[in-house]
Peer 1: 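Structure below; questions to follow.
Each chain gets a letter, A, B and so on, in the order the sequences are listed, and its residues count up from 1. Quick note: numbers below take in every heavy atom, side chains included, and nothing from hydrogens, waters or symmetry partners.
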Number of protein chains: 2
Amino acid sequence: MRMSTKAQYAVRAMVNLNLYSEGSPVSLRDISLRESISLTYLEQLFVKLRRGQIVKSVRGPGGGYLLARPAKEIQVDEIIDSVEESLVPVACMDQKHGCVCDDHCVTHNVWHGLGEKIRDFLASITLEELTQEARNKFNEAKGKN
Amino acid sequence: MRMSTKAQYAVRAMVNLNLYSEGSPVSLRDISLRESISLTYLEQLFVKLRRGQIVKSVRGPGGGYLLARPAKEIQVDEIIDSVEESLVPVACMDQKHGCVCDDHCVTHNVWHGLGEKIRDFLASITLEELTQEARNKFNEAKGKN
DNA sequence: AGCATACCTGAGTAAAACTGTCAATTATTT
DNA sequence: AAATAATTGACAGTTTTACTCAGGTATGCT
């Protein structure tokens with residue numbers, strides 16, 4: 001039961017973007033350098049984040065990406081949805097025409113309940129909170145030196 | 001973020017075992033037929049379930065598997081642990097010598113918290129409860145005919 | 001004893017998913 | 001025009017998953 005690194009990268013990249021953006025676009029090259037994620041892989045992720053209305057792009061020199069809305073309104077589950085990592089723990093429940101479980105599916109409720117817990121938890125955390133945590137961590141580390 | 005079919009099969013097989021065992025051993029062949037899971041695959045799973053103290057085996061004709069303890073004392077997370085499906089959502093936190101996250105790991109708390117939610121939920125469900133649910137489902141279906 | 005049953009074990013394998021890279025293009029600013 | 005940076009699609013190596021196969025071992029029954 002692993003969260004794909006794709007989803008992990010996406011969340012990290014979004015925190016980093018918000019951390020270093022102060023109204024102006026942040027280039028993927030910068031995020032790539034700071035987070036040690038391959039530039040070309042980041043490009044793939046941000047295409048999806050843009051389609052998911054999490055970020056918007058600014059082309060040309062000085063360009064990069066901006067948040068599409070305030071960090072307070074971006075939830076972690078939305079970031080993960082955007083990069084197409086499913087939060088539903090079993091495949092049969094992940095279709096729009098519903099689960100075709102017959103009598104064999106005595107475990108349906110377990111996975112359904114689990115999926116809800118996962119969703120609720122990740123929806124309860126905003127990008128704003130994560131960024132603030134990151135700032136605190138950074139200041140603590142600074143204080144030690 | 002998918003629960004492996006291995007873990008899904010293990011839970012289903014355990015419910016089925018408990019459903020049809022009344023003190024006497026249940027053969028994997030029977031479970032295989034009822035749940036449409038390959039016999040040889042079930043054998044692999046039950047080796048692990050035995051090592052995890054979830055079931056015990058009885059060899060020879062009329063043999064099969066029995067619960068190692070009362071169904072009330074078997075939690076779903078234990079079944080999943082036994083077949084070696086990790087409930088920790090990120091790899092770096094899944095080692096005994098702890099996570100070597102440095103400053104980059106601003107998302108540590110998210111995944112740690114998520115792992116706890118998953119564990120708590122699955123630990124809150126016992127095999128007894130699942131089996132009772134299955135009995136109810138079966139009786140409802142019967143009532144309709 | 002001999003046979004059937006059923007657990008036990010390890011090796012192997014095809015397909016899918018994951019984790020990226022590469023090459024080329026388009027849009028914008030200076 | 002030249003430089004910057006996003007955008008896109010194809011593709012490839014590696015790992016994991018989900019099994020199968022080919023045996024072996026223990027036990028009970030006739």
Peer 1: Would you say a side-chain N or O of B:Tyr9 is under 4.0 Å from OP1 or OP2 of D:dC19?
Peer 2: yes
Peer 1: How would you label the contact of B:Thr40 with the nucleic acid (heavy atoms, under 4.0 Å): base, sugar-phosphate, or nothing?
Peer 2: base
Peer 1: Check the phosphate of C:dT21 against A:Ser38, side-chain N and O only, distance under 4.0 Å to OP1 or OP2. Yes or no?
Peer 2: yes
Peer 1: Given D:dT7, is OP1 or OP2 found less than 4.0 Å from the side-chain N or O atoms of A:Arg51?
Peer 2: no
Peer 1: Considering just the side-chain nitrogens and oxygens of A:Arg59, establish if one lies under 4.0 Å of OP1 or OP2 belonging to C:dT25.
Peer 2: no
Peer 1: OP1 or OP2 of D:dA18 versus the side-chain N and O atoms of B:Thr5: is any pair under 4.0 Å?
Peer 2: yes
Peer 1: Is there a side-chain polar atom (N or O) of A:Ser4 under 4.0 Å from OP1 or OP2 of C:dA17?
Peer 2: no
Peer 1: Nearest nucleotide by nearest heavy atom, which residue falls closer to the 5' end of DNA chain C, B:Val26 or B:Gln44?
Peer 2: B:Val26
Peer 1: Here's a test of your reading of the structure: between A:Leu39 and B:Leu28, which maps to the more 5' nucleotide of DNA chain C?
Peer 2: B:Leu28
Peer 1: Looking for any heavy atom pair under 4.0 Å, which part of the strands does B:Phe46 touch: base, sugar-phosphate only, or nothing?
Peer 2: nothing
Peer 1: Between C:dA6, D:dT7, C:dT9, which one does the side chain of B:Ser27 approach most closely?
Peer 2: C:dA6
Peer 1: Does a sphere of radius 6.0 Å around NZ in B:Lys117 hold more than 12 heavy atoms from other residues, nucleotides or ligands, not counting ones at 6.0 Å or beyond?
Peer 2: no
Peer 1: Check whether any side-chain N or O of A:Arg29 sits under 4.0 Å from OP1 or OP2 of D:dA6, and answer yes or no.
Peer 2: no
Peer 1: Using a 6.0 Å cut-off, check whether atom CZ of A:Arg29 has over 12 heavy atoms from anything other than its own residue.
Peer 2: no
Peer 1: Between atom CD of A:Glu78 and atom CG of A:Leu49, what is the distance when rounded to the nearest 0.5 Å?
Peer 2: 11.0 Å
Peer 1: To the nearest 0.5 angstrom, please state how far the CD atom of A:Glu133 sits from the OG1 atom of B:Thr107.
Peer 2: 9.5 Å
Peer 1: With nearest nucleotide decided by heavy atoms, which residue, B:Glu85 or B:Pro61, maps closer to the 5′ end of DNA chain D?
Peer 2: B:Glu85
